[in-house]
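Report on one structure; see the data block that follows.
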Amino acid sequence: MRKLVHYIGTTLDGFIAGPDGGDPTGPNGFWPIAEDYVQHLVTEYPETLPVQARQALSVTAEGTRFDTVLEGRRSYEIGLAAGIADAYPHLRHLVFSRTLTESPNPAVELVADDPVATVRRLKHQDGKDIWLLGGAQLAGALYSEIDTLILKVGPLTIGNGIPLFSREAAFDPRTWTLADHTVLKSGAVFLTYTRVSD
Ligand SMILES: NC(=O)c1ccc[n+]([C@@H]2O[C@H](COP(=O)([O-])OP(=O)(O)OC[C@H]3O[C@@H](n4cnc5c(N)ncnc54)[C@H](OP(=O)(O)O)[C@@H]3O)[C@@H](O)[C@H]2O)c1
């Protein structure tokens, strides 16, 4: 059965974005992006680069990990506001929303159903793993379904912001096994953890 992988950038103090949302790694963002970090994404996770970055970096690789990406409406709308209605045309792209009524792009599937039920259905389909992109609210709703965490830990603290899982997520301690790690010279660390089965 394929897995749900929460692959996401986090600060050292556990935040994925500043308090007001927005794209922390975008043109007006505060998150330093080093050359070796970009190179690591290109080499190891090419399918997770949005289409504009793939074009700018001449990346055409399909990647080996994911064929599906799940996104919350607020994260999706950041790209939409920048004129990108489908940042991942090379993946099956599902956006969870109970308020959007029409998809801005025919390739982007709007899902108003329960994310847990949707993910359980997806896991039984053939294919590569499923990338849970975020943000915190969707990740909180899917907390119980995450099989693997890949944390891209940036060498920064921000004091306050949007945490990895929304504060509405249930208190539900889980333990994880470190399966892989990569330390980059710039100070970013990639940590892969698999969930210890319940
Ligand atoms: N650091 C990173 O790698 C990274 C990655 C992704 C996102 N982010 C950041 O995360 C922030 C956005 O995160 P967020 O937590 O505010 O929002 P989010 O999770 O991206 O989106 C929340 C929206 O998703 C929909 N949703 C959530 N739970 C749902 C459920 N159970 N059923 C159906 N729909 C559901 C709802 O849309 P409706 O209101 O339309 O119903 C909800 O308002 C942004 O600042 C973004 O930059 C960072």
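Note that the structure is a prediction, hence the values are computed from the model and not measured. Order of appearance sets the numbers: ligands from 1, and atoms from 1 within every ligand.
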Which residue and atom name correspond to the protein heavy atom nearest [atom], and how close is it?
atom: atom 19 (O) of ligand 1; value: Leu138 N, 3.0 Å
atom: atom 20 (O) of ligand 1; value: Ser75 OG, 2.6 Å
atom: atom 24 (O) of ligand 1; value: Arg73 N, 3.1 Å
atom: atom 6 (C) of ligand 1; value: Leu133 O, 3.2 Å
atom: atom 42 (C) of ligand 1; value: Gln137 OE1, 3.5 Å
atom: atom 3 (O) of ligand 1; value: Gly9 N, 2.9 Å
atom: atom 21 (O) of ligand 1; value: Arg74 N, 3.2 Å
atom: atom 47 (O) of ligand 1; value: Gly22 O, 2.7 Å

Item to complete: Give a yes or no on whether the backbone of Thr99 and the side-chain of Ser97 come within a donor-acceptor separation of less than 3.5 Å.
Response: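 Yes, because the side chain of Ser97 sits within donor-acceptor range (under 3.5 Å) of the backbone of Thr99.
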Using a 4.0 Å cutoff against the non-hydrogen atoms of [X], which atoms of ligand 1 qualify?
X: Ala136; answer: 13 (O), 14 (P), 15 (O), 19 (O)
X: Gly21; answer: 45 (O)
X: Ile78; answer: 44 (C), 46 (C), 47 (O)

Just to be sure I'm reading this right: ignoring hydrogens, which of [options] gets closest to [atom]? Compare them by their nearest heavy atoms.
atom: atom 13 (O) of ligand 1; options: Gly161, Ser166, Gly135, Pro163; result: Gly135
atom: atom 40 (O) of ligand 1; options: Asp113, Thr99, Thr101, Leu142; result: Thr99
atom: atom 36 (C) of ligand 1; options: Phe96, Tyr7, Phe165; result: Phe96

Item to complete: Might you work through the ring pair (Phe, Tyr, Trp, His ring centres under 6.0 Å) test for His181 and Phe190, ending with a clear yes or no?
Response: CA-CA 5 Å; His181 68 280; Phe190 284 65; over 10 Å; no
Practice prompt. State plainly whether the residues Arg54 and Glu47 are in salt-bridge range, i.e. N to O under 4.0 Å.
Written response: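 Glu47 and Arg54: not salt-bridged.
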If you measure every N or O of [X] against every N or O of ligand 1, does any of those distances drop under 3.5 Å?
X: Arg98; answer: yes
X: Ile162; answer: no
X: Ala141; answer: no
X: Ile16; answer: yes

Item to complete: Answer yes or no: does atom NZ of Lys3 have more than 12 heavy-atom neighbours from other residues, nucleotides or ligands under 6.0 Å?
Response: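 Incorrect, the count does not exceed 12.
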Worksheet entry | Neighbour count above 12 (heavy atom, 6.0 Å) for Glu44 CD |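 Counting other residues, nucleotides and ligands, CD of Glu44 exceeds 12 neighbours.
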Does any part of the side chain of [Y], heavy atoms only, come nearer than 4.5 Å to the side chain of [X], both counted from C-beta?
X: Leu151; Y: Ile8; result: yes
X: Thr68; Y: Trp131; result: no
X: Leu133; Y: Ser75; result: yes

Discussion item. Can you see whether Gln137 engages Arg167 through a side-chain donor-acceptor pair at a distance of less than 3.5 angstrom?
Written reply: no
Worksheet item: Does a donor on one side chain sit under 3.5 Å from an acceptor on the other, for His93 and Glu109?
Response: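 Absent: no donor and acceptor within the cut-off.
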Discussion item. If we only consider heavy atoms of Pro24, is any one of them less than 4.0 Å away from an atom in ligand 1?
Written reply: yes
Worksheet, complete the sentence: Exactly one candidate in Asp126, Asp129, Asp67 meets salt bridge (Lys or Arg N to Asp or Glu O under 4.0 Å) with Arg2; the answer is Asp67
Worksheet item: When you look for heavy atoms under 4.0 Å from ligand 1, do you find them on the side chain of Ser97, its backbone, both, or neither?
Response: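 It is both backbone and side chain that touch ligand 1.
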Response to the item:
Any heavy atom of Pro115 under 4.0 Å from ligand 1? The part involved is side chain
Discussion item. Let me check something: do Val59 and Leu41 share a hydrophobic cluster, defined by ILVMFWY side-chain heavy atoms less than 4.5 Å apart, either directly or through other members?
Written reply: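 Yes, one cluster joins them.
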Worksheet entry | All pairs passing ring pair (Phe, Tyr, Trp, His ring centres under 6.0 Å) where residues 98-119 contributes a residue, at least two apart | none
